[in-house]
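Below is one structure, written out as structure tokens; the observations come after it.
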There are 2 protein chains.
Amino acid sequence: GLIASSTPASSRRRGAALVVRAEGNINTEIRKNEDKVVDSVVVSDLSKPLTAYCRCWRSGTFPLCDGSHVKHNKATGDNVGPLLVKK
Amino acid sequence: GLIASSTPASSRRRGAALVVRAEGNINTEIRKNEDKVVDSVVVSDLSKPLTAYCRCWRSGTFPLCDGSHVKHNKATGDNVGPLLVKK
Ligand code: FES
Ligand code: FES
């Protein structure tokens, strides 16, 4: 996708070559009103034997993983995946 | 930093405006030999009352958080932070 407009990015021409610099935000959508997105899991509250937590920042159920990392990895060639918390 | 050379990126001129497209990898360094980086926490193995897990993919102690998200957030304007697992 396009770099979000809030992402610092600069580009300049150096002779014939175009040099593109982009500083990538990892999180482009989730709770951008918060200074820092931190979540807590209290282990004793977990009901299922295994819970997957998102580390790709693309989940529709963040902080839980909903499988969206698969689409992100396919689109970008990345290799991110969730943290599995096991009771 | 610069977009990693493996990152798909394209740019073109449309009239006077330069349109920059970049598909960002979230993980640029960690275990890039793995198809998908998934980690497991077995709750009964946790020794401390609180353990912070990295979600910024910049930690030197991944999958644990070492505070590197602070530098990433400052450099990019991002707002990512860890997942805290509490016994
Ligand atoms: S949806 Fe983000 S890691 Fe699975
Ligand atoms: S070092 Fe990655 S979230 Fe803290």
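Computed over heavy atoms, backbone and side chain alike; hydrogens, waters and symmetry mates excluded. Below, read A as the first sequence line, B as the second, and so on, with proteins coming before strands; counting in each chain starts at 1.
- Between Lys86(B) and Asp45(A) there is no salt bridge, since no side-chain N of the basic residue sits under 4.0 Å from a carboxylate O of the acidic one.
- The greatest number of non-hydrogen atom pairs below 4.5 Å with chain A, out of Asp78(B), Asp39(B), Val43(B), is found for Asp78(B).
- Crowding of Lys87(B) atom NZ: a count of heavy atoms from other residues, nucleotides or ligands under 6.0 Å exceeding 12.
- Note that OG1 of Thr76(A) and CG of Asn25(B) are 4.5 Å apart. Values are rounded to the nearest 0.5 Å.
- Proximity to chain B (any heavy atom under 4.5 Å) is restricted, for Arg58(A), to the side chain, taken from C-beta onward.
- Here the side chains of Lys36(A) and Asn73(B) are in contact, with some heavy-atom distance below 4.5 Å.
- Your options are Asp35(B), Val42(B), Leu83(B), and the one with the most heavy-atom pairs under 4.5 Å with chain A is Leu83(B).
- The parts of Asn27(A) that come within reach of chain B are both its backbone and its side chain, each placing non-hydrogen atoms under 4.5 angstrom from that chain.
- Heavy-atom distances place no part of Cys65(A) under 4.5 Å from chain B, backbone and side chain included.
- Between Gly24(B) and His72(A) the shortest heavy-atom distance is O-CE1, 3.5 Å.
- Leu64(A) is not connected to Val38(B) by any chain of hydrophobic side-chain contacts under 4.5 Å among Ile, Leu, Val, Met, Phe, Trp and Tyr, and they are in different clusters.
- Counting heavy atoms of neighbouring residues, nucleotides and ligands inside a 6.0 Å radius, atom CD of Glu29(A) does not exceed 12 of them.
- The hydrophobic cluster containing Val80(A) does not contain Tyr53(B), counting ILVMFWY residues as joined when their side-chain heavy atoms lie under 4.5 angstrom apart, directly or transitively.
- Counting non-hydrogen atoms of neighbouring residues, nucleotides and ligands closer than 6.0 angstrom, the NZ atom of Lys71(B) reaches no more than 12 such neighbours.
- Although no hydrogens or angles enter the test, the distance criterion places no donor-acceptor pair under 3.5 Å between the side chain of Asn79(B) and the main chain of Val37(A).
- If you measure heavy-atom distances from Ile30(A) to chain B, the contacts under 4.5 Å come from the backbone alone.
- Using a 4.5 Å heavy-atom threshold, the side chains of Leu84(A) and Val41(B) count as separate.
- In this structure, the side chain of Trp57(B) engages the main chain of Arg55(A) through a donor-acceptor pair within 3.5 Å.
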